[in-house]
Amino acid sequence: MLLSINGLGKGYDSGGARVEVLRGVDLALDPGETVALTGESGSGKSTLLHLCAGLDRADTGRIEVAGRDLAGADDATLAALRRQAVGLVFQQFNLIPSLDVGANLAFHARLSGRDDPAAIAALADRLGLGGLMRRYPEQLSGGQQQRVAIGRTLAARPALILADEPTGNLDEATGDAVLDLMLELVAEAGAGLLMVTHSPRLAARLSRRVHLSGGRLA
Amino acid sequence: MRRTALAALLSHWRRHPLQLASLLLGLALATALWSGVQAINAEARASYDRAAEVLGQDQLESLVPRDGQRVPDRVFVDLRRAGWQVTPLIEGRWARAGRAVQVYGIDPFTMPAGALPEAVGESGDISGFFTPPGRGFAAPETVAELEGAEGLPPLIAAEGIMPGILIADIGIAQTLLRAEGQISRLLLAPDQPLGRAPLETVAPGLDRLAPQETADVAQLTGSFHLNLTAFGFLSFAVGLFIVHAAIGLAFEQRRAMFRTLRALGLPLRTLVGLLAAEVMLLALVAGIVGVALGYGIAAALLPDVAATLRGLYGATLSGSLSLRPEWWLGGLAIALIGAGVAAAQSLWRLWRMPLLASAQPRAWARASARGFAALGALAGLLAGVAVIAGVYGQGVVGGFVLLGALLLAAALALPGALALALGAAERLARGVLAQWFWADTRQQLPGLSLALMALMLALSANIGVGTMVASFRLTFTEWLDQRLPSELYVTARTEEEATRLRDWLTPRSDALLPIWRVEGPVFGQSAEIYGVADHRTYSDNWPMLLGEADVWARLARAEGAIVNEQLWRRAGLRIGDPVPLPGGAIRPLVGVYSDYGNPRGQVIIGIADLVAQFPDLDRRRYAIRTDPAAVPELRRALVQEFGLPEDSMIDQGAVKDLSLRIFERTFAVTAALNVLTMGVAGFAMFTSLLTLAAMRLPQLAPVWALGLTRTALARLEVLRAMLLAALTMALAIPVGLILAWVLLAVVNVAAFGWRLPMFVFPADWLWLGALALAAGGLAAAWPAWRLARIEPATLVKVFADER
């Protein structure tokens, strides 16, 4: 099992009141499986993703990533997990603005010690970024930036990819193209993918779809 | 992992070279001013040590005349015959045609081993040393300075001798100093034979003194060096504002990067460690540049400092600078410490920042009113410290604590005060553009507050020090007019010539006033004791700070003494207190007079009283009262009649010129540091405006879109900077005046022993205000120019980026 979530609970204090965002979420994801996570705005999709990445801590329940329990893990352990086993794709791309495309693509791979220049060059070509390697993020379109963000994650060859509305900032055609590419590359890498999306159309293209509502998965 | 992350962090600077330049330059300038001052201080300390080592005076005991006068050669002979292992020494200042040197005359045959300068011993021609014309040994730079000077023996350059000193055979030196047959003191060999006759029997007029310590001159000049250090520290603090602003901005701009790095698996501890390493790396680079710049500053200022120390304290300082490890290592250390202090807040914020915190830059540029209130509270606390230091603080250090706390309190209170003023203006504004302008200016305040604080520090220091110097200059000039009423001053070459001179001058002048003095301990301090004639020159021109109505008459009747302000303060005297004179006589204190620029204590008694107490005193110097128009003719007649050399006579104008020149050089260093501090503050404002310019686009784009041209926006940016500079200047004036008062009434008294009246010079403020406006305008000019020429597409992109 690549990702195992059992009885996950998470709440926030908001305006003096406690808001329970997740109430006993259970989810399992196997290697090679792609899962779409849908739900209303504010339903806790991003929170669930952050908890899976070890960016935040659960109030209750248990999360295991690649066999490692995240509860009680210290900052260094969680950081190591993100470096080695988890890849994150953000809606806002979150590229390093001061590094060019080539350096951004290789960045996560270098952090995880899996830098392979030849593989990254090939990946860049497949992502259509071969001619843009010396450019900086601000010189790219939104679609190009998201392809760099996806490439950065895939270049590190993580077992689990967590994507938070990766096409949310792109127009429909560009978004479709980016998703096609991502799914293709994820399938080749044999990685698991948990992707947050608002779009039923995009969700339908993944192997499984789960819907978050009222803090629980349906 | 670390290398990849560090490369990513450093890549920020590659993409923001201007920010990097402002950080490096800010830190380099701060380090330069600090280490420059430290270099001067280190050089001075080394010079004092070397001065004390001259002829082994730091090692050997000496026998000195109790009355401060020289003793005849026969005292030396008597002592040697009585078994004392002593060597004679004469010292004095030789000056001619504007060139001067401190002359030491020694006897090479009786000098204890180790005390004889190596160069003299190694010269191999000892007979040439004492056979006329003899030889003079001096430092190479002194030999160069004295080249061609008439009347000196052939000079030999020798390393290891303090600059400004000439060592010659005692006989040669006695001739040079016109003191034939006289010696200043005797140095004692470390080992003395047993059974020698007691000192009181052989030479009852001599006292035995412990080896000379550097403490005297070091203590005397300590306050001057503390003054320099305080200025260096002020400049450093102003520079740190730039560094703090640049580091803070760089951290805020990289918040998104930090979040991404952590999301990609970089542990927080590693991230903070890498950032700290990055700051230290930058600090090291800036520190090296700063130390090099500091060397340049010190080398440029050292001649003025040397002149100041010579003029004020009689301390000799080498005019050249050595690369001393203690100050360049200190310079690097201060750069690292400064950068660490400047970065500490940002690193702490990062340490506490939740991983999922907003990646938008905010804290640095958008501090809240709560932030201003916190700064205001800190300012209040520091103001309290200033008050406590003012009431309970003592000495120069207490004065500088008061100054430091006051300046920092004013700087920290500035953003809040400006916010209040801008808020009031906003409420009073009627037009929509004016309202937006005031509101927008207030919004910019947090981002500019550090630069404005730096400007405030520089302006108030400028006003404070400027007021102090100008007050000093005014008082000093008036005082010189009072103290130098005589038209001509003349020094005879011998006592016999002095007698003839007196007879010749008496019928040819309105009055002939002796300037006779001795030196000796008064209240445990070395002091000068002068005698004054009973003449209205003194009663008409010499005002008393404290004193009885018939001061001069009482001096004439040998019924009292007056002392200078320095001695009065140091000894804590009151009118009527007994003043013990060297030799045992006691006179009641009848008056206190100001004596600016003199570090030593001074006592004045009646001339007849002085002669009665010290019958062997030097009587060669006179002041001549005459018609000023007759002075040139009188000088010519004195040359014709007596063959007096020109440098034996000095007229009133020349004395005043010389005094004022010394005065101006004294404050040349302060003025230079003042200008440099202003420059650093202007640079702080420039870099802040420049780095803020990019962050301003989201605020300016909507106004542009609503119909204001880019040129109009650019003009408003310049106006805003000038307005903030003007407001800062307005607030700096009262702070500067308080600063001036503290300098005059607290620091000066503690440092030099005299208090000066304070005068205000509003015209100087207008000039400084114009400078501040120009600094603000110039600092905003380039960012505004860039704004005026910005592509509309760049502004449109602001809307495209909004989500």
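Below, chain A is the first sequence line, B the second, and so on; all start at residue 1.
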Hey, what do you get for OH (Tyr136(A)) to CZ (Arg14(B)), rounding to the nearest 0.5 Å? 5.0 Å
Okay, Phe107(A) and chain B: the region with an atom under 4.5 Å from a heavy atom over there is both
Heavy atoms from other residues, nucleotides or ligands near CD of Glu40(A) exceed 12 (cutoff 6.0 Å): no
Find the one option among Pro158(A), Ser112(A), Ala79(A), Ala53(A) whose heavy-atom pairs under 4.5 Å with chain B are most numerous. Ala79(A)
Please determine, among Arg262(B), Arg2(B), Arg269(B), the option with the most heavy-atom pairs under 4.5 Å with chain A. Arg262(B)
Residue among Arg254(B), Arg15(B), Met257(B) satisfying side chain to side chain contact (heavy atoms under 4.5 Å, CB included) with Ile96(A): Met257(B)
Tell me whether Arg789(B) at atom CZ has more than 12 heavy atoms from other residues, nucleotides or ligands lying less than 6.0 Å away. no
Just so I understand: if I count every heavy-atom pair under 4.5 Å between each of Thr270(B), Leu264(B), Thr260(B) and chain A, which residue has the most? Leu264(B)
Looking at Arg134(A), I want to see if its CZ is surrounded by more than 12 non-hydrogen atoms of other residues, nucleotides or ligands under 6.0 Å. no
Gap separating the CG atom of Leu261(B) from the CZ atom of Arg83(A), nearest 0.5 angstrom: 11.5 Å
